[in-house]
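To start, the structure itself, in C-alpha coordinates.
Here is the naming used below: chain letters follow the sequence lines, and residue numbers restart at 1 for every chain. Keep in mind the model is a prediction, meaning the values are calculated, not measured.
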Number of protein chains: 2
Amino acid sequence: MEKAIEKLIRSGRKLTRPRLAILKFLSHQHAPISAQTIHDKTGIDLASVYRTLKLSEELRLANVEAMGNEKRYCLAAEPHHHITCRKCGHSETVRCNHVTEGLGNFTDISHQLTITGICDKCRK
Amino acid sequence: MEKAIEKLIRSGRKLTRPRLAILKFLSHQHAPISAQTIHDKTGIDLASVYRTLKLSEELRLANVEAMGNEKRYCLAAEPHHHITCRKCGHSETVRCNHVTEGLGNFTDISHQLTITGICDKCRK
DNA sequence: AACATAAATGCGAATAATTCGCAATTGGGT
DNA sequence: ACCCAATTGCGAATTATTCGCATTTATGTT
Ligand SMILES: [Mn+2]
Ligand SMILES: [Mn+2]
Ligand SMILES: [Zn+2]
Ligand SMILES: [Zn+2]
(Lines give C-alpha, C1' and ligand atoms only; values in the text may rest on other atoms or scores of the structure.)
(Ligands and ions follow the chains in the order given, each with its own letter.)
Protein backbone atom coordinates (compact mmCIF):
# COMPACT_ATOMS: atom_id res chain seq x y z
CA MET A 1 0.00 0.00 0.00
CA GLU A 2 2.94 2.33 0.69
CA LYS A 3 3.96 1.78 -2.90
CA ALA A 4 0.51 2.81 -4.14
CA ILE A 5 0.58 6.00 -2.09
CA GLU A 6 4.02 6.80 -3.38
CA LYS A 7 2.94 6.32 -6.99
CA LEU A 8 -0.13 8.44 -6.38
CA ILE A 9 1.93 11.31 -5.05
CA ARG A 10 4.57 10.99 -7.72
CA SER A 11 1.81 11.31 -10.31
CA GLY A 12 1.15 14.81 -8.99
CA ARG A 13 -2.21 14.03 -7.42
CA LYS A 14 -3.31 14.99 -3.97
CA LEU A 15 -3.19 12.46 -1.16
CA THR A 16 -6.70 13.06 0.13
CA ARG A 17 -8.53 11.53 3.04
CA PRO A 18 -10.96 9.58 0.79
CA ARG A 19 -8.18 8.25 -1.40
CA LEU A 20 -6.16 7.18 1.58
CA ALA A 21 -9.17 5.49 3.15
CA ILE A 22 -9.93 3.58 -0.03
CA LEU A 23 -6.36 2.40 -0.52
CA LYS A 24 -6.18 1.41 3.12
CA PHE A 25 -9.44 -0.48 2.85
CA LEU A 26 -8.28 -2.27 -0.29
CA SER A 27 -5.05 -3.25 1.39
CA HIS A 28 -7.02 -5.12 4.03
CA GLN A 29 -8.95 -7.24 1.53
CA HIS A 30 -7.80 -10.55 0.19
CA ALA A 31 -10.47 -10.85 -2.50
CA PRO A 32 -11.31 -8.28 -5.18
CA ILE A 33 -14.01 -5.87 -4.09
CA SER A 34 -16.62 -3.68 -5.78
CA ALA A 35 -17.10 0.08 -5.68
CA GLN A 36 -20.42 -0.39 -3.95
CA THR A 37 -18.86 -2.48 -1.20
CA ILE A 38 -16.10 0.05 -0.65
CA HIS A 39 -18.75 2.74 -0.37
CA ASP A 40 -20.81 0.67 2.07
CA LYS A 41 -17.88 -0.11 4.32
CA THR A 42 -16.06 3.22 4.25
CA GLY A 43 -18.93 5.66 3.87
CA ILE A 44 -17.07 7.49 1.13
CA ASP A 45 -19.33 8.90 -1.55
CA LEU A 46 -19.95 6.37 -4.30
CA ALA A 47 -19.02 8.75 -7.11
CA SER A 48 -15.74 9.49 -5.37
CA VAL A 49 -15.08 5.81 -4.92
CA TYR A 50 -15.56 5.33 -8.64
CA ARG A 51 -13.25 8.24 -9.36
CA THR A 52 -10.55 6.88 -7.11
CA LEU A 53 -10.86 3.39 -8.54
CA LYS A 54 -10.61 4.64 -12.09
CA LEU A 55 -7.55 6.66 -11.18
CA SER A 56 -6.05 3.70 -9.36
CA GLU A 57 -6.51 1.62 -12.47
CA GLU A 58 -4.86 4.26 -14.65
CA LEU A 59 -1.90 4.60 -12.33
CA ARG A 60 -1.84 0.84 -11.93
CA LEU A 61 -2.23 1.04 -8.19
CA ALA A 62 -5.02 -1.51 -8.48
CA ASN A 63 -6.16 -4.27 -10.81
CA VAL A 64 -9.68 -4.82 -12.03
CA GLU A 65 -11.64 -7.84 -12.93
CA ALA A 66 -15.17 -8.30 -14.21
CA MET A 67 -17.60 -10.25 -12.05
CA GLY A 68 -20.95 -10.45 -13.78
CA ASN A 69 -21.77 -6.87 -14.56
CA GLU A 70 -19.68 -5.28 -11.88
CA LYS A 71 -16.00 -4.56 -11.65
CA ARG A 72 -13.95 -5.61 -8.69
CA TYR A 73 -10.65 -4.17 -7.64
CA CYS A 74 -7.67 -5.28 -5.65
CA LEU A 75 -4.38 -3.57 -4.88
CA ALA A 76 -1.74 -4.29 -7.49
CA ALA A 77 0.82 -6.33 -5.63
CA GLU A 78 2.99 -8.86 -7.43
CA PRO A 79 1.18 -9.99 -10.58
CA HIS A 80 -1.58 -12.33 -9.52
CA HIS A 81 -5.16 -13.24 -10.27
CA HIS A 82 -8.06 -14.80 -8.42
CA ILE A 83 -10.40 -17.68 -8.82
CA THR A 84 -13.82 -17.10 -7.34
CA CYS A 85 -16.54 -19.63 -6.58
CA ARG A 86 -19.71 -18.91 -8.54
CA LYS A 87 -21.82 -20.35 -5.71
CA CYS A 88 -20.39 -18.91 -2.50
CA GLY A 89 -18.00 -16.22 -3.69
CA HIS A 90 -15.01 -17.75 -1.96
CA SER A 91 -11.86 -16.47 -3.64
CA GLU A 92 -8.30 -17.76 -3.82
CA THR A 93 -5.17 -16.31 -5.30
CA VAL A 94 -3.75 -17.64 -8.55
CA ARG A 95 -0.22 -17.10 -9.77
CA CYS A 96 -0.07 -15.00 -12.92
CA ASN A 97 1.36 -17.21 -15.67
CA HIS A 98 2.58 -14.28 -17.76
CA VAL A 99 -0.43 -14.26 -20.03
CA THR A 100 0.95 -11.36 -21.96
CA GLU A 101 3.97 -12.94 -23.57
CA GLY A 102 4.66 -12.77 -27.28
CA LEU A 103 2.50 -9.77 -28.05
CA GLY A 104 5.23 -8.01 -30.02
CA ASN A 105 3.02 -5.78 -32.18
CA PHE A 106 1.47 -4.16 -29.14
CA THR A 107 2.96 -1.99 -26.41
CA ASP A 108 1.71 -0.64 -23.09
CA ILE A 109 -0.16 -3.86 -22.51
CA SER A 110 -2.64 -4.32 -19.72
CA HIS A 111 -4.75 -7.36 -19.05
CA GLN A 112 -7.63 -8.37 -16.90
CA LEU A 113 -8.42 -11.97 -16.10
CA THR A 114 -11.50 -13.30 -14.38
CA ILE A 115 -11.60 -16.94 -13.37
CA THR A 116 -14.61 -18.56 -11.77
CA GLY A 117 -15.41 -22.10 -10.76
CA ILE A 118 -17.12 -24.13 -8.06
CA CYS A 119 -15.08 -24.52 -4.89
CA ASP A 120 -14.71 -27.82 -3.07
CA LYS A 121 -17.11 -26.80 -0.31
CA CYS A 122 -19.81 -26.02 -2.85
CA ARG A 123 -19.71 -29.12 -5.00
CA LYS A 124 -21.90 -31.94 -3.84
CA MET B 1 -20.72 -22.39 -36.06
CA GLU B 2 -22.23 -25.79 -36.90
CA LYS B 3 -20.90 -26.98 -33.58
CA ALA B 4 -22.64 -24.16 -31.75
CA ILE B 5 -25.95 -24.93 -33.41
CA GLU B 6 -25.56 -28.57 -32.55
CA LYS B 7 -24.89 -27.81 -28.90
CA LEU B 8 -27.83 -25.44 -28.81
CA ILE B 9 -30.19 -28.10 -30.11
CA ARG B 10 -28.73 -30.81 -27.91
CA SER B 11 -29.42 -28.57 -24.91
CA GLY B 12 -33.12 -28.83 -25.72
CA ARG B 13 -33.55 -25.24 -26.87
CA LYS B 14 -35.27 -24.11 -30.03
CA LEU B 15 -33.25 -23.16 -33.05
CA THR B 16 -35.02 -19.88 -33.73
CA ARG B 17 -34.51 -17.37 -36.51
CA PRO B 18 -33.00 -14.74 -34.15
CA ARG B 19 -30.64 -17.21 -32.54
CA LEU B 20 -29.49 -18.51 -35.88
CA ALA B 21 -28.97 -14.99 -37.18
CA ILE B 22 -26.90 -14.02 -34.15
CA LEU B 23 -24.71 -17.12 -34.33
CA LYS B 24 -24.26 -16.62 -38.05
CA PHE B 25 -23.34 -12.99 -37.51
CA LEU B 26 -20.85 -13.89 -34.79
CA SER B 27 -19.27 -16.49 -37.03
CA HIS B 28 -18.42 -13.78 -39.54
CA GLN B 29 -16.58 -11.59 -37.04
CA HIS B 30 -12.92 -11.86 -36.26
CA ALA B 31 -12.99 -9.51 -33.25
CA PRO B 32 -15.27 -9.75 -30.22
CA ILE B 33 -18.45 -7.78 -30.63
CA SER B 34 -21.00 -6.13 -28.35
CA ALA B 35 -24.72 -6.78 -27.94
CA GLN B 36 -25.46 -3.30 -29.24
CA THR B 37 -23.46 -3.88 -32.40
CA ILE B 38 -25.18 -7.18 -33.05
CA HIS B 39 -28.51 -5.45 -32.63
CA ASP B 40 -27.48 -2.61 -34.97
CA LYS B 41 -26.27 -4.92 -37.70
CA THR B 42 -28.91 -7.64 -37.51
CA GLY B 43 -31.96 -5.66 -36.44
CA ILE B 44 -32.77 -8.27 -33.81
CA ASP B 45 -34.33 -6.83 -30.68
CA LEU B 46 -31.70 -5.77 -28.17
CA ALA B 47 -33.26 -7.68 -25.26
CA SER B 48 -33.32 -10.83 -27.37
CA VAL B 49 -29.70 -10.31 -28.34
CA TYR B 50 -28.83 -10.12 -24.66
CA ARG B 51 -30.83 -13.25 -23.96
CA THR B 52 -29.15 -15.17 -26.73
CA LEU B 53 -25.69 -14.00 -25.67
CA LYS B 54 -26.28 -14.99 -22.09
CA LEU B 55 -27.49 -18.39 -23.20
CA SER B 56 -24.53 -18.75 -25.53
CA GLU B 57 -22.23 -18.04 -22.65
CA GLU B 58 -23.96 -20.61 -20.44
CA LEU B 59 -23.80 -23.28 -23.13
CA ARG B 60 -20.26 -22.17 -23.94
CA LEU B 61 -21.12 -21.46 -27.53
CA ALA B 62 -19.44 -18.09 -27.13
CA ASN B 63 -16.79 -16.44 -24.97
CA VAL B 64 -17.07 -13.05 -23.33
CA GLU B 65 -14.61 -10.40 -22.50
CA ALA B 66 -14.98 -7.04 -20.78
CA MET B 67 -14.12 -3.92 -22.76
CA GLY B 68 -14.61 -0.87 -20.60
CA ASN B 69 -18.13 -1.20 -19.32
CA GLU B 70 -19.43 -3.39 -22.09
CA LYS B 71 -19.14 -7.08 -22.75
CA ARG B 72 -18.00 -8.41 -26.09
CA TYR B 73 -18.60 -11.86 -27.43
CA CYS B 74 -17.03 -14.16 -29.95
CA LEU B 75 -17.84 -17.70 -30.98
CA ALA B 76 -16.02 -20.26 -28.88
CA ALA B 77 -13.66 -21.90 -31.33
CA GLU B 78 -10.38 -23.41 -30.16
CA PRO B 79 -9.39 -21.69 -26.90
CA HIS B 80 -8.08 -18.25 -27.80
CA HIS B 81 -8.10 -14.67 -26.64
CA HIS B 82 -7.70 -11.26 -28.21
CA ILE B 83 -5.55 -8.23 -27.78
CA THR B 84 -7.26 -5.00 -28.68
CA CYS B 85 -5.72 -1.59 -29.30
CA ARG B 86 -6.99 1.00 -26.84
CA LYS B 87 -6.62 3.72 -29.48
CA CYS B 88 -8.07 2.28 -32.69
CA GLY B 89 -9.79 -0.90 -31.56
CA HIS B 90 -7.75 -3.12 -33.87
CA SER B 91 -7.86 -6.66 -32.54
CA GLU B 92 -5.62 -9.67 -33.03
CA THR B 93 -5.91 -13.24 -31.87
CA VAL B 94 -3.77 -14.53 -29.03
CA ARG B 95 -3.14 -18.18 -28.29
CA CYS B 96 -4.61 -19.29 -24.98
CA ASN B 97 -1.72 -20.33 -22.72
CA HIS B 98 -3.89 -22.54 -20.53
CA VAL B 99 -4.38 -19.91 -17.86
CA THR B 100 -6.46 -22.28 -15.82
CA GLU B 101 -3.91 -24.87 -14.85
CA GLY B 102 -3.34 -25.97 -11.29
CA LEU B 103 -6.67 -24.90 -9.87
CA GLY B 104 -7.30 -28.20 -8.14
CA ASN B 105 -9.74 -27.02 -5.46
CA PHE B 106 -12.14 -25.69 -8.06
CA THR B 107 -14.18 -27.44 -10.74
CA ASP B 108 -16.28 -26.30 -13.68
CA ILE B 109 -13.83 -23.51 -14.32
CA SER B 110 -14.49 -20.71 -16.75
CA HIS B 111 -12.28 -17.74 -17.43
CA GLN B 112 -12.44 -14.48 -19.24
CA LEU B 113 -9.35 -12.59 -20.29
CA THR B 114 -9.20 -9.08 -21.69
CA ILE B 115 -5.92 -7.81 -23.06
CA THR B 116 -5.45 -4.30 -24.37
CA GLY B 117 -2.44 -2.38 -25.63
CA ILE B 118 -1.38 0.12 -28.26
CA CYS B 119 -0.90 -1.37 -31.72
CA ASP B 120 2.08 -0.55 -33.93
CA LYS B 121 0.03 1.72 -36.18
CA CYS B 122 -1.10 3.78 -33.19
CA ARG B 123 2.17 4.36 -31.42
CA LYS B 124 4.08 7.40 -32.53
C1' DA C 1 0.58 30.12 10.58
C1' DA C 2 -2.53 32.29 7.54
C1' DC C 3 -3.19 32.46 2.03
C1' DA C 4 -4.06 31.29 -2.54
C1' DT C 5 -5.81 28.16 -5.69
C1' DA C 6 -6.07 24.19 -8.43
C1' DA C 7 -7.65 19.69 -7.46
C1' DA C 8 -10.93 16.74 -5.29
C1' DT C 9 -15.24 15.81 -2.85
C1' DG C 10 -20.21 15.12 -2.10
C1' DC C 11 -24.59 15.21 -3.72
C1' DG C 12 -28.10 14.84 -7.11
C1' DA C 13 -29.15 14.21 -11.68
C1' DA C 14 -27.88 11.88 -16.06
C1' DT C 15 -26.17 7.87 -18.96
C1' DA C 16 -25.14 3.40 -20.49
C1' DA C 17 -25.59 -1.39 -20.13
C1' DT C 18 -28.36 -5.03 -19.02
C1' DT C 19 -32.65 -7.22 -17.34
C1' DC C 20 -37.69 -7.85 -16.61
C1' DG C 21 -42.85 -8.38 -17.51
C1' DC C 22 -46.03 -9.68 -20.52
C1' DA C 23 -48.85 -10.21 -24.62
C1' DA C 24 -48.09 -12.02 -29.21
C1' DT C 25 -45.50 -15.37 -32.06
C1' DT C 26 -43.28 -19.59 -33.42
C1' DG C 27 -40.47 -24.04 -33.57
C1' DG C 28 -40.86 -28.77 -33.13
C1' DG C 29 -43.33 -32.39 -31.86
C1' DT C 30 -47.94 -35.41 -32.37
C1' DA D 1 -52.76 -28.95 -39.43
C1' DC D 2 -52.71 -28.47 -34.27
C1' DC D 3 -50.78 -27.84 -29.74
C1' DC D 4 -48.16 -25.59 -26.42
C1' DA D 5 -44.17 -24.53 -24.08
C1' DA D 6 -40.38 -21.73 -25.43
C1' DT D 7 -39.07 -17.50 -27.37
C1' DT D 8 -39.64 -12.96 -29.20
C1' DG D 9 -40.37 -7.89 -29.34
C1' DC D 10 -41.46 -3.97 -27.05
C1' DG D 11 -41.55 -0.89 -23.25
C1' DA D 12 -40.54 -0.18 -18.62
C1' DA D 13 -37.37 -1.11 -14.82
C1' DT D 14 -32.79 -2.01 -12.71
C1' DT D 15 -27.86 -1.58 -12.14
C1' DA D 16 -23.54 0.13 -12.70
C1' DT D 17 -21.07 4.02 -13.73
C1' DT D 18 -20.43 8.93 -14.96
C1' DC D 19 -21.31 14.01 -14.94
C1' DG D 20 -22.17 18.96 -13.35
C1' DC D 21 -21.45 22.03 -10.09
C1' DA D 22 -21.18 24.36 -5.65
C1' DT D 23 -18.27 23.52 -1.62
C1' DT D 24 -14.22 21.83 0.62
C1' DT D 25 -9.35 20.60 1.05
C1' DA D 26 -4.36 19.52 0.14
C1' DT D 27 -0.31 21.61 -0.80
C1' DG D 28 2.87 25.09 -2.23
C1' DT D 29 3.94 30.06 -1.07
C1' DT D 30 4.34 34.02 1.45
MN1 LIG E 1 -5.58 -9.80 -4.93
MN1 LIG F 1 -12.27 -14.69 -31.48
ZN1 LIG G 1 -18.02 -22.07 -3.07
ZN1 LIG H 1 -4.33 0.89 -32.84
Side-chain angles (χ1 to χ4, degrees), chain A residues 4-26 32-59 61-74 84 86 89 112 114, chain B residues 4-26 32-59 61-74 84 86 89 112 114:
Chain A
I5 292 175
E6 209 173 293
K7 278 198 210 170
L8 177 62
I9 293 174
R10 250 187 288 113
S11 84
R13 317 301 172 101
K14 289 184 183 178
L15 181 57
T16 66
R17 201 188 69 65
R19 282 176 179 166
L20 191 53
I22 290 169
L23 291 178
K24 186 171 298 184
F25 182 75
L26 276 182
I33 209 104
S34 70
Q36 183 65 56
T37 300
I38 294 175
H39 163 71
D40 290 344
K41 306 281 180 122
T42 65
I44 290 160
D45 180 76
L46 188 52
S48 297
V49 172
Y50 274 111
R51 283 184 287 237
T52 292
L53 290 177
K54 175 176 283 202
L55 177 64
S56 298
E57 191 184 350
E58 283 166 14
L59 299 180
L61 315 182
N63 296 133
V64 212
E65 65 183 76
M67 278 299 285
N69 291 329
E70 85 183 4
K71 292 182 179 173
R72 295 193 190 171
Y73 293 80
C74 86
T84 304
R86 285 191 297 274
Q112 133 181 31
T114 304
Chain B
I5 292 175
E6 210 173 290
K7 278 199 209 168
L8 177 63
I9 292 174
R10 250 187 287 114
S11 84
R13 317 303 170 99
K14 289 185 184 177
L15 179 58
T16 66
R17 203 188 68 64
R19 283 176 178 165
L20 190 54
I22 291 170
L23 291 178
K24 185 171 299 184
F25 181 75
L26 276 182
I33 209 105
S34 70
Q36 183 65 56
T37 300
I38 295 175
H39 163 71
D40 290 343
K41 306 281 180 125
T42 65
I44 290 159
D45 181 76
L46 188 52
S48 297
V49 172
Y50 275 111
R51 283 184 287 238
T52 292
L53 289 178
K54 175 176 283 201
L55 177 64
S56 298
E57 191 183 350
E58 283 164 15
L59 299 180
L61 314 182
N63 297 133
V64 212
E65 64 183 77
M67 278 299 285
N69 291 329
E70 85 183 4
K71 291 182 179 171
R72 295 192 189 172
Y73 295 79
C74 86
T84 304
R86 286 191 296 273
Q112 134 181 28
T114 304

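- Atom pair B:Ile33:CD1 and C:dA17:C1' shows a separation of 16 Å (rounding to whole Å applied).
- The distance from atom CD of B:Glu57 to atom P of C:dT18 is 11 Å, rounded to the nearest whole Å.
- Of all heavy-atom pairs spanning B:Thr84 and B:Gly89, the tightest one is CG2-O, 3.5 Å.
- Taking atom CG of B:Asp40 as the reference point, atom C1' of C:dA16 lies 14 Å away to the nearest angstrom.
- The nearest whole Å value for the distance from the CG atom in B:Leu55 to the P atom in C:dT18 is 16 Å.
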Handout entry: Annotated protein contacts, base or backbone, on nucleotides 24-30 of chain C with a non-hydrogen cut-off under 4.0 Å, one of B, S, - each
Key = --BBS--
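- B:Cys74 approaches B:Leu26 most closely through the heavy-atom pair CA-CD2, 4.5 Å.
- Counting to the nearest Å, the P atom of C:dA8 and the CD1 atom of A:Ile22 are 13 Å from each other.
- Between A:Pro18 and A:Asp45, every side-chain heavy-atom pair lies at or beyond the 4.5 Å cut-off.
- Contact detail for A:Arg19 and A:Lys14: the closest heavy-atom pair is NH1-O, 2.8 Å.
- In terms of modelled atom types and a separation under 3.5 Å, the side chain of A:Thr114 and the main chain of A:Ala66 share a donor-acceptor contact.
- Shortest non-hydrogen contact noted between A:Gly68 and B:Lys71 is O-CE, 3.5 Å.
- Remark: side-chain polar atoms of A:Ser11 are paired, donor with acceptor, to backbone N or O of A:Leu8 under 3.5 angstrom.
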Exercise for the section: Using a 4.0 Å heavy-atom cut-off, write out nucleotides 10-18 of chain D from 5' to 3' as B (base contacted by protein), S (sugar-phosphate only) or - (no contact). Expected result: BB----SBB
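- For the pair A:Ile38 CD1 and C:dG10 P, the computed distance is 14 Å after rounding to whole Å.
- Between the P atom of D:dT25 and the CG atom of A:Leu20 lies a distance of 15 Å, rounded to the nearest Å.
- Residue B:Ile22 forms a side chain to side chain contact (heavy atoms under 4.5 Å, CB included) with just one option from B:Leu61, B:Ile44, B:Leu55, and that option is B:Ile44.
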